[in-house]
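Quick caveat, the model's predicted, so the values are computed rather than measured. Each residue takes its place number in the sequence, starting with 1.
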Amino acid sequence: MLSSPPNSSSAELKLDPGPPPRRRSKIGCQCTLWTLFTIVCVGGSFLVLKFLYSGFNHLRAPHPKLYQDMKVPYKLNEVVQPLINSNHTFDIVATVWLRKPAPIQDDDDATNKILEDGGPILVEEAIYTGTVFRGLHLKNKDIKTAVKFRVPTGIFKNLELNNHDLRASFVLIPNAPSLLDHAVNYSSWIPSTVNYPPARSWS
């Protein structure tokens with residue numbers, strides 16, 4: 001039997017599936033994810049830096065409430081502050097001390113002090129005193145100088161030598177005007193019961 005070919009218009013309608021489904025764009029999703037990731041990283045980094053900065057400030061100034069706000073008017077005698085800051089200048093006085101071979105009795109010289117340090121009585125005398133640096137600031141570094149003085153060598157001929165045979169002491173002297181000019185009723189940090197090597201006072 002012969003059959004007539006199917007109608008072309010009806011075949012095209014059955015075989016044509018129509019336009020393909022539209023695919024979702026992955027670029028928009030990736031951009032959104034990267035944006036959120038960047039925001040989270042920036043926020044996390046900010047929190048970490050803030051935490052580290054707070055910890056550093058706490059270590060440097062563990063009691064911030066005890067510090068005076070310098071923008072608020074205050075009295076000098078009510079605020080604890082360093083005697084020398086970055087704007088002040090100061091001198092340094094050096095004194096060289098030499099131990100004497102034997103103690104001297106009834107010696108009223110201020111340069112001789114008696115120190116008992118688990119051994120024989122120590123008597124020292126200042127063989128040099130002078131200002132070795134003038135007008136220094138706290139920011140000064142690698143400052144050098146040279147001084148000339150004579151050192152008697154008799155003490156070094158002994159069979160036993162100790163660290164008090166020859167030593168030096170340094171005194172920092174603030175230049176005027178200084179907060180030290182307003183200091184009253186102050187005391188030493190060295191207990192009176194402690195035998196401490198002498199240091200040349202300077203004014």
Side-chain angles (χ1 to χ4, degrees), residues 45-46 48-100 109-115 117 122-153 155-156 161-203:
S45 301
F46 175 78
V48 171
L49 291 176
K50 186 177 181 180
F51 175 77
L52 294 177
Y53 182 75
S54 300
F56 174 77
N57 286 337
H58 179 73
L59 293 176
R60 186 180 62 177
H63 306 288
K65 295 182 180 180
L66 300 180
Y67 287 82
Q68 171 67 29
D69 187 0
M70 305 306 294
K71 297 180 181 179
V72 179
Y74 63 93
K75 297 181 180 179
L76 291 177
N77 59 348
E78 296 179 352
V79 177
V80 178
Q81 51 187 318
L83 294 176
I84 298 177
N85 57 29
S86 58
N87 297 324
H88 292 156
T89 60
F90 57 91
D91 302 337
I92 294 181
V93 176
T95 303
V96 179
W97 301 86
L98 180 69
R99 184 172 69 89
K100 288 188 175 183
D109 190 354
T111 62
N112 293 331
K113 302 291 182 178
I114 297 178
L115 176 65
D117 189 14
L122 175 66
V123 177
E124 294 178 307
E125 65 174 345
I127 60 175
Y128 171 81
T129 299
T131 303
V132 293
F133 294 107
R134 296 182 183 273
L136 294 182
H137 291 83
L138 293 178
K139 63 181 179 181
N140 293 136
K141 297 181 179 181
D142 300 329
I143 305 299
K144 299 180 181 180
T145 188
V147 295
K148 295 181 179 181
F149 58 92
R150 293 181 176 273
V151 179
T153 58
I155 193 67
F156 303 110
L161 302 177
N162 56 62
N163 59 336
H164 290 295
D165 289 341
L166 182 67
R167 67 179 184 87
S169 62
F170 298 90
V171 180
L172 190 149
I173 309 297
N175 297 138
S178 170
L179 295 176
L180 191 61
D181 300 335
H182 306 278
V184 293
N185 297 329
Y186 58 89
S187 60
S188 174
W189 62 272
I190 304 174
S192 58
T193 57
V194 174
N195 291 324
Y196 196 77
R200 171 63 64 90
S201 59
W202 197 266
S203 60

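Atom CD1 of Ile173 and atom CZ of Phe133 lie 14.5 Å apart (nearest 0.5 Å). How far CG of Leu98 is from CD1 of Ile127: 5.0 Å, rounded to the nearest 0.5 Å. Taking NE2 from His137 and CZ from Phe90, the interatomic distance works out to 8.5 Å, rounded to the nearest 0.5 Å. How far OG1 of Thr153 is from CG of Asp165: 12.0 Å, rounded to the nearest 0.5 Å. For the atom pair OG1 of Thr95 and OH of Tyr128, the computed distance is 8.5 Å after rounding to the nearest 0.5 Å. Between the CD1 atom in Ile143 and the CG atom in Leu136 there is a gap of 6.5 Å [rounded to 0.5 Å].
Smallest separation of non-hydrogen atoms from Trp97 and Ser169: NE1-OG, 3.0 Å. Across Asp91 and Arg134, no two heavy atoms sit closer than the pair OD1-CA, 3.1 Å. The shortest heavy-atom contact between His88 and Ile84 is ND1-CA, 3.6 Å.
Considering only heavy atoms from C-beta on, Pro152 stays 4.5 Å or farther from Arg150 through its side chain.
For the side-chain hydrogen bond (donor to acceptor under 3.5 Å, both in side chains) test, residues two or more places apart in sequence or in another chain that qualify with Thr89 are Asn175.
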**Prompt:** Would Val151 and Phe156 count as a side chain to side chain contact (heavy atoms under 4.5 Å, CB included) if you check the C-alpha gap in whole Å, the side-chain angles of each, and the deciding distance to 0.1 Å?
**Reply:** CA-CA 10 Å; Val151 179; Phe156 303 110; 4.0 Å; yes
